[in-house]
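Just below is one structure, and these are the notes that go with it.
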Amino acid sequence: MNVREYENWIDGGWAKTDRKVERKSPAHGELLARFAQSDENAVNAAIEAARRAFDDRSIWSAIPGAERAKALGRWVDLLIREIDRLALIEAEEVGKPIRFAKAEVEWSIELARYAAALAWQIPGDLVSNIGDANLGLVTREPRGVIGMITPWNFPLVTLFQKLPFALAAGCTVVIKPSELTSGSTLEVARLAKDAGIPDGVINVVTGSGRTVGEMLTGHRKVDMISFTGSTAVGIRIAQRAAEQVKRVGLELGGKAANIVFADADIDAALDGILLGYVLNQGEECVQGTRLLVEDSVADSFLEKLVERSKNIRLGLPTDEKADVGALIHEKHMEQVLSYIQSGIDEGATLLLGGNRVTENGLGKGFYVAPTIFSDVTPEMTIFREEIFGPVLAVTRFTSVDQAIALANDTNYGLGNGVWTKDIDKAIRVSRELRSGTVYVNTFLETAVQLPFGGFKESGIGRENGLDGLLEFTEVKSTFIKLGQRPHALPHTVAN
Ligand code: NAD
């Protein structure tokens, strides 16, 4: 197996480092890549490069939006040519099946294509009713140098919900990807140079959160931190940023519920629930990890769900037929198994799975079987905490109000799903759900135009859509005093 060797990407080139971190496959244990373990010098160099590229207005931040849009468009073309390679890197480093990695890369490119178009027309306002001698302008300017810190579960999607939007707005960036999955981020930064995006606009420094992430957050020349990751680290970043009144965008954890009413299209709901709890091995912030099912259909629904779940195929990242891959590392797998144990200890009923899988060549990987618990009550740990594994917690309800109350009984608020053929009920419930996204009769389906983000402890700010671009802008008001009103022409009266 070819080991990929990477350095940091700073100011349009590879910058050598002495120390490296290794990434071994979570699916079979072989060495995949070596990434730079950056020190303070590397982080400073990346921030300086981004600062220069921002402050020299002729490079990127103040050129016509159309020029930025065209450069981003050329980048999209290059990314399309590299889909298979990027997908393989993503599959190997995360441990996810290749066909889902490919879908992830394609979706990331779709986000970039949309963000590029937004660069053509960044909205502003003109205020003209403040007196004849006055004119007001409300303009949006790029926020500056953005520090982006991303997680390992969807390395490219989490990056592309930020990066092309920030670039479209005219910002420059320093990215700190997860130390476990930095490959695809470095690759897309290199491709940006080939597309003609100027040096210094995109910089990538790799390494751990505790060193590189902290340096980026605490640096005075970084204007905003855009972070995706756990709520615990998000809180830490917000606290540090507050010391400098630095802007933060936070995309954090979730504990989504899918509410299935008795009048739902049961077949469609089964597909949605299944996808919702096993996609990406359950390592997903909007994972449908809680199922709330109406009591009158619960028994038959669960019977079918268990049957369908038995057909899920676990496999290596390169297995084209695999549905579910390996968890990210051994410690995380142990944590998922300990959540499963807590479900058993606290009295939930284990309907399926609950174990590590080592058969069929998966013995060297960190695989956990799709797991379903029923009779889950709101005080149980598996109802409350983000497990980040293929574990579904099922709770029954008997009324609409009870379903809404159960769904909202969480500190998180990223996404929820509603399944019913009654449109009035669907709208009422979706209005009362306290989450940034509600899926109706589908799950995890969305469009690039729709903003994404969390209520409550799931985050601050929005990504995607026009809101996703505006997050990377500052609003400026300009009050203009116009010259004296011209004198009226002498009035002549014809005799
Ligand atoms: P994490 O919070 O451990 O790490 C995320 C990133 O932060 C990594 O790059 C890490 O190196 C860095 N980091 C760690 N400590 C830091 C510190 N003190 N200062 C600065 N940076 C630091 O999260 P993870 O384990 O990589 O990812 C899983 C989490 O991400 C889950 O909680 C999941 O819900 C969340 N997530 C949220 C979304 C969303 O859009 N809301 C999307 C994907 C993942």
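For reference, positions follow the sequence shown, starting with 1. Both ligands and their constituent atoms are indexed starting at 1 by order of listing.
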Report, in ascending order of atom number, the atoms of ligand 1 lying under 4.0 Å from any heavy atom of Gly213.
19 (N), 20 (C), 21 (N)
Would you kindly specify which portion of Glu386 sits under 4.0 Å from ligand 1, judged on non-hydrogen atoms: side chain, backbone, both or neither?
side chain
For Ile149, the ligand 1 atoms with a heavy-atom partner under 4.0 Å come out as 6 (C), 7 (O), 9 (O), 12 (C), 20 (C), 21 (N)
Counting each atom of ligand 1 from 1 as listed, which ones have a heavy atom of Thr158 under 4.0 Å away?
42 (C), 43 (C)
Counting heavy atoms under 4.0 Å, the part of Glu179 that contacts ligand 1 is side chain
Under a 4.0 Å threshold between the charged nitrogen and the carboxylate oxygen, would Glu284 count as salt-bridged to Lys96?
no
How about atom 4 (O) of ligand 1: does it have a protein heavy atom within less than 4.0 Å?
no
Is it the case that the side chains of Tyr277 and Ser309 hold a donor-acceptor pair, with the cut-off being a distance below 3.5 Å and no angle test?
yes
Considering distance alone, does some N or O of Glu214 sit under 3.5 Å from an N or O of ligand 1?
yes
Can you list the ligand 1 atoms lying under 4.0 Å from a non-hydrogen atom of Leu252?
34 (O), 37 (C), 38 (C), 39 (C), 41 (N)
Of Thr228, Ile237, Leu250, Val233, the residue with the heavy atom nearest atom 16 (C) of ligand 1 is Val233
Applying a 4.0 Å heavy-atom criterion (strictly less than), which segment of Val212 is in contact with ligand 1: side chain, backbone, both, or neither?
neither
How close does the nearest protein non-hydrogen atom get to atom 28 (C) of ligand 1, and which residue and atom is it?
Phe388 CE2, 3.6 Å
Quick one: do the Ser208 and Thr211 side chains pair a donor with an acceptor below 3.5 Å?
yes
Can a donor-acceptor pair be found between the side chains of Glu48 and Asn44 at a distance below 3.5 Å?
no
Look at ligand 1 and say whether Phe154 reaches it with a heavy atom at a distance under 4.0 Å.
no
Is there a donor in the side chain of Glu251 and an acceptor in the side chain of Thr158, or the other way round, less than 3.5 Å apart?
no
Pair Glu471 + Arg462, salt bridge at N-O below 4.0 Å:
no
For ligand 1 and Ser230, I'd like to know whether there is a polar contact (N/O to N/O, distance under 3.5 Å).
yes
Any N or O of Phe452 that comes nearer than 3.5 Å to an N or O of ligand 1?
no
Go through it in stages, so that I can follow the logic: the residues are Ser108 and Leu159, the test is side-chain contact (heavy atoms from CB on, under 4.5 Å), and I'd like the CA-CA distance, side-chain angles, deciding distance and then a yes or no.
CA-CA 8 Å; Ser108 303; Leu159 178 65; over 6 Å; no
Ligand-side contact atoms (ligand 1) for residue partner Glu251, heavy atom cut-off under 4.0 Å
37 (C), 38 (C), 39 (C), 40 (O), 41 (N)
Check if Pro177 has a non-hydrogen atom at a distance under 4.0 Å from any atom of ligand 1.
yes
Ser178 to ligand 1, any heavy atom closer than 4.0 Å:
yes
Using a distance-only test with no angle check, is there a side-chain donor-acceptor pair under 3.5 angstrom linking Asn258 and Trp419?
yes
Please determine if Arg34 forms a cation-pi arrangement with Tyr6, meaning its NZ or CZ atom is less than 6.0 Å from the six-membered ring centre and no more than 45° off the ring axis.
no
Give the single entry among Cys285, Gly454, Gly254 that approaches atom 38 (C) of ligand 1 most closely by any heavy atom.
Cys285
Less than 3.5 Å between some nitrogen or oxygen of Thr231 and one of ligand 1, yes or no?
no
Before accepting this row, confirm whether a basic side-chain N of the pair Arg23/Glu30 lies closer than 4.0 Å to the acidic partner's carboxylate O.
no
Among all protein heavy atoms in this structure, tell me which lies nearest to atom 27 (O) of ligand 1, with the distance rounded to 0.1 Å.
Pro151 CB, 3.3 Å
among protein heavy atoms, the one nearest atom 22 (C) of ligand 1 is Gly209 CA, 3.4 Å
Near Gly253 (heavy-atom distance under 4.0 Å), the atoms of ligand 1 are 34 (O)
Contact check: Ser458 vs ligand 1, nitrogen or oxygen atoms, below 3.5 angstrom
no
Under a plain distance cut-off of 3.5 Å, with no hydrogens placed, do Thr228 and Lys162 share a side-chain donor-acceptor pair?
yes
Looking at Lys24 and Glu93, is any side-chain nitrogen of the basic one under 4.0 Å from a carboxylate oxygen of the acidic one?
no
For ligand 1, find out whether one of its N or O atoms is nearer than 3.5 Å to an N or O atom of Thr150.
yes
Could you give me the CA-CA distance, side-chain angles and deciding distance for Leu305 and Ile273, then say whether side-chain contact (heavy atoms from CB on, under 4.5 Å) is met?
CA-CA 8 Å; Leu305 187 64; Ile273 306 310; 4.0 Å; yes
Lys/Arg N to Asp/Glu carboxylate O, Glu214 vs Arg236, below 4.0 Å:
yes
In the protein, what heavy atom is nearest to atom 26 (O) of ligand 1, and what distance, to one decimal place, separates them?
Trp152 CD1, 3.0 Å
Look at atom 35 (C) of ligand 1 and say which protein heavy atom is nearest, naming residue and atom and giving the distance to 0.1 Å.
Gly229 O, 3.1 Å
Flag Lys176 as yes when one of its N or O atoms lies below 3.5 Å from any N or O atom of ligand 1, and as no otherwise.
yes
Distance alone, cut at 3.5 Å: any donor-acceptor contact between the side chains of Ser184 and Glu90?
yes
Nearest 0.5 angstrom please: Arg51 CZ to Thr172 OG1, how far?
6.5 Å
Taking only non-hydrogen atoms of Asn153 and a 4.0 Å limit, the atoms of ligand 1 in range are 43 (C), 44 (C)
